[in-house]
Protein chains: 2
Amino acid sequence: MSIDVGARLRSVRTTFGLSQRELARRAGVTNGLISLIEQNRVSPSVSSLKKVLDGIPMPLAEFFTLDLNVAPQAFFGADELVELGNPEVSLRLVAAQRNGRQLTVLHERYAAGAATGEDMLAHRGEEAGVVIRGRIELTVGGATRVLGPGEAYYFASQLPHRFRNVGREACEIISACTPATF
Amino acid sequence: MSIDVGARLRSVRTTFGLSQRELARRAGVTNGLISLIEQNRVSPSVSSLKKVLDGIPMPLAEFFTLDLNVAPQAFFGADELVELGNPEVSLRLVAAQRNGRQLTVLHERYAAGAATGEDMLAHRGEEAGVVIRGRIELTVGGATRVLGPGEAYYFASQLPHRFRNVGREACEIISACTPATF
DNA sequence: TCATGGTGTTTAGGATCTTAGACAAGGAAG
DNA sequence: CTTCCTTGTCTAAGATCCTAAACACCATGA
């Protein structure tokens, strides 16, 4: 069976929340090609595979390094969470490896006054979370609400959304999103 | 220009002292294909490239990880030499990375009575070295000689050769070979 | 000088990859 | 129910890869 490029590509693509057509557009190839590669109906040339991975983006070396059926790490110490964000909005990822994961959990922390940005976010997938400290203003679609400790949210990510800490203290949230687009 | 698979392959192949035909034979492809790939006249399919690398052998991930024009490490501490051999014949490599190196230097150590094997060795390339401790019996082609500290050797590796420590103490040699076949 | 055996390169043609476009299935909105 | 948009799949035709065989070159040796 020799390396199963197809499964690797499908895993990576879905992990990044891309459709075959969207990835094809970014990569400058056709969606049909991606379909064929993922079914192992063809063995792509290195140049094609590179074009496809550039659309992710992911280097060839990392692609071939991926271990698909790795025994997944089940427990993570506080210092094993990967820090992603900035001083204003800190995102600490639970399982940062770019494996075939569909679900990512984050420990988010918003400084007083911090927000996810000026514009609304919108992408594929779903998001949900629980506020554990402070107060956060969440706008989803046309609705806005301020959530406090113990309160929670869930929405489809294609709805325009935005988080903003309107309180005076930092706000912490434990959240999950799927697929792993962040 | 996008990754230059050709230069990588040529570098790896020559580093391992293989001709295009010999690698092709091991890989189950034609020598012409290897020539075309090395000239970047084609971008091989992943399956072909995998077959070729299996003939080295080298995994795909390592192949794409190779950094061709890496700023080379110039200095190596004693603990940075990679140990390769067995208790009888110890080989400590100076620059173990499988990069585009044509030359490899080793610190060899033969225990009393140890030898490179029952049979004579014969492969492409050249070898040379200097004995720094003990005494070693070296056979090259039809000639045999015992070398002591300060004495040295040089020969083409295609000549059948064999090292044997005929003394009572361990023998150490600093040697070089090119290409990096060992 | 000619033969032999090694190297890497080239080329025509068959095999495979890649594209463009059509197809079917599923949801969402009217 | 349509209509529209999304998804992934499939298929013929064109582009590219890959093979088999020949080629040119350089050694070594009779």
Side-chain angles (χ1 to χ4, degrees), chain A residues 2-55 102 122-126 141-142 155-160 178-179 181, chain B residues 2-55 102 122-126 141 155-159 178-179 181:
Chain A
S2 96
I3 219 160
D4 202 354
V5 169
R8 291 177 119 79
L9 179 57
R10 175 154 298 181
S11 164
V12 168
R13 176 177 64 80
T14 55
T15 297
F16 280 75
L18 300 170
S19 69
Q20 291 182 347
R21 279 183 168 79
E22 172 60 16
L23 177 54
R25 190 191 61 72
R26 298 190 190 188
V29 300
T30 57
N31 61 305
L33 175 59
I34 293 181
S35 177
L36 294 173
I37 294 173
E38 290 187 351
Q39 298 170 80
N40 285 317
R41 303 257 302 273
V42 300
S43 174
S45 71
V46 170
S47 54
S48 303
L49 182 59
K50 173 152 185 13
K51 277 201 281 186
V52 171
L53 293 179
D54 283 347
Q102 298 290 338
H123 47 86
R124 295 182 61 196
E126 303 156 70
F155 57 86
S157 305
Q158 49 263 40
L159 294 173
T178 172
T181 52
Chain B
S2 97
I3 219 158
D4 202 356
V5 170
R8 291 178 119 80
L9 179 56
R10 176 153 298 182
S11 163
V12 168
R13 177 178 63 81
T14 56
T15 297
F16 280 74
L18 300 171
S19 69
Q20 290 182 346
R21 278 183 168 78
E22 172 61 16
L23 176 55
R25 190 191 61 72
R26 298 191 190 187
V29 300
T30 57
N31 61 306
L33 175 59
I34 293 181
S35 176
L36 294 174
I37 294 172
E38 290 187 349
Q39 298 170 79
N40 285 317
R41 302 258 303 270
V42 299
S43 174
S45 71
V46 170
S47 54
S48 303
L49 183 59
K50 173 151 180 20
K51 278 201 279 186
V52 170
L53 293 179
D54 282 347
Q102 297 291 336
H123 46 87
R124 293 182 62 197
E126 302 157 70
F155 56 87
S157 304
Q158 49 262 41
L159 295 172
T178 173
T181 52

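First the proteins, then the strands, lettered A, B, ... as listed; each starts at 1.
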Rounded to whole angstroms, how far apart are CG on B/Leu18 and C1' on C/dG8?
15 Å
A/Ser35/A/Gln39 under side chain to side chain contact (heavy atoms under 4.5 Å, CB included): CA gap, chis, key distance, verdict:
CA-CA 6 Å; A/Ser35 177; A/Gln39 298 170 80; 2.9 Å; yes
C/dT9 phosphate, OP1 or OP2: any side-chain N/O from B/Gln20 under 4.0 angstrom?
yes
Would you kindly give the CD-to-C1' distance between A/Glu22 and D/dG8, to the nearest whole Å?
15 Å
CA sep, side-chain torsions, deciding dist, call: A/Asp4, A/Arg8, salt bridge (Lys or Arg N to Asp or Glu O under 4.0 Å)
CA-CA 7 Å; A/Asp4 202 354; A/Arg8 291 177 119 79; over 6 Å; no
Between B/Arg10 and B/Gln20, which heavy-atom pair has the shortest distance, and what is it?
NH2-NE2, 3.6 Å
Choosing from C/dG8, C/dT19, D/dT19, which nucleotide comes nearest the side chain of A/Val29?
C/dT19
Interatomic distance, A/Asn31 CG vs C/dG21 P [rounded to whole Å]
12 Å
Please determine, for the side chain of A/Leu33, which listed nucleotide (D/dT19, C/dG8, C/dT18) has the closest atom?
C/dT18
Pick base, sugar-phosphate or nothing for B/Ser45, based on heavy-atom distances below 4.0 Å to the nucleic acid.
sugar-phosphate
For A/Leu23 and A/Val52 the tightest heavy-atom approach is CD1-O, 3.6 Å
Going by number, which of residues 34-43 of chain A have a non-hydrogen atom under 4.0 Å from DNA chain C?
A/Leu36, A/Arg41, A/Val42, A/Ser43
Should B/Ser19 be listed as having a side-chain N or O under 4.0 Å from OP1 or OP2 of C/dT7?
yes
Looking at A/Ser47 and B/Ser43, what are the two nearest heavy atoms and their distance?
N-OG, 2.8 Å
Do side-chain atoms of B/Arg13 reach the backbone of B/Leu18 as a donor and acceptor pair under 3.5 angstrom?
yes
To check you understand the geometry: which heavy-atom pair defines the closest contact between A/Asn31 and A/Ala24, and what is its length?
N-CB, 3.5 Å
Phosphate-side-chain proximity, A/Arg13 and D/dT7, N/O vs OP1/OP2 below 4.0 Å:
no
Whole-Å distance, A/Arg10 CZ to D/dG8 P, equals 8 Å
B/Arg25 CZ to C/dG6 C1', in whole Å, measures 15 Å
Does B/Arg21 make a side-chain donor-acceptor contact with the base of C/dG8, cut-off 3.5 Å?
yes
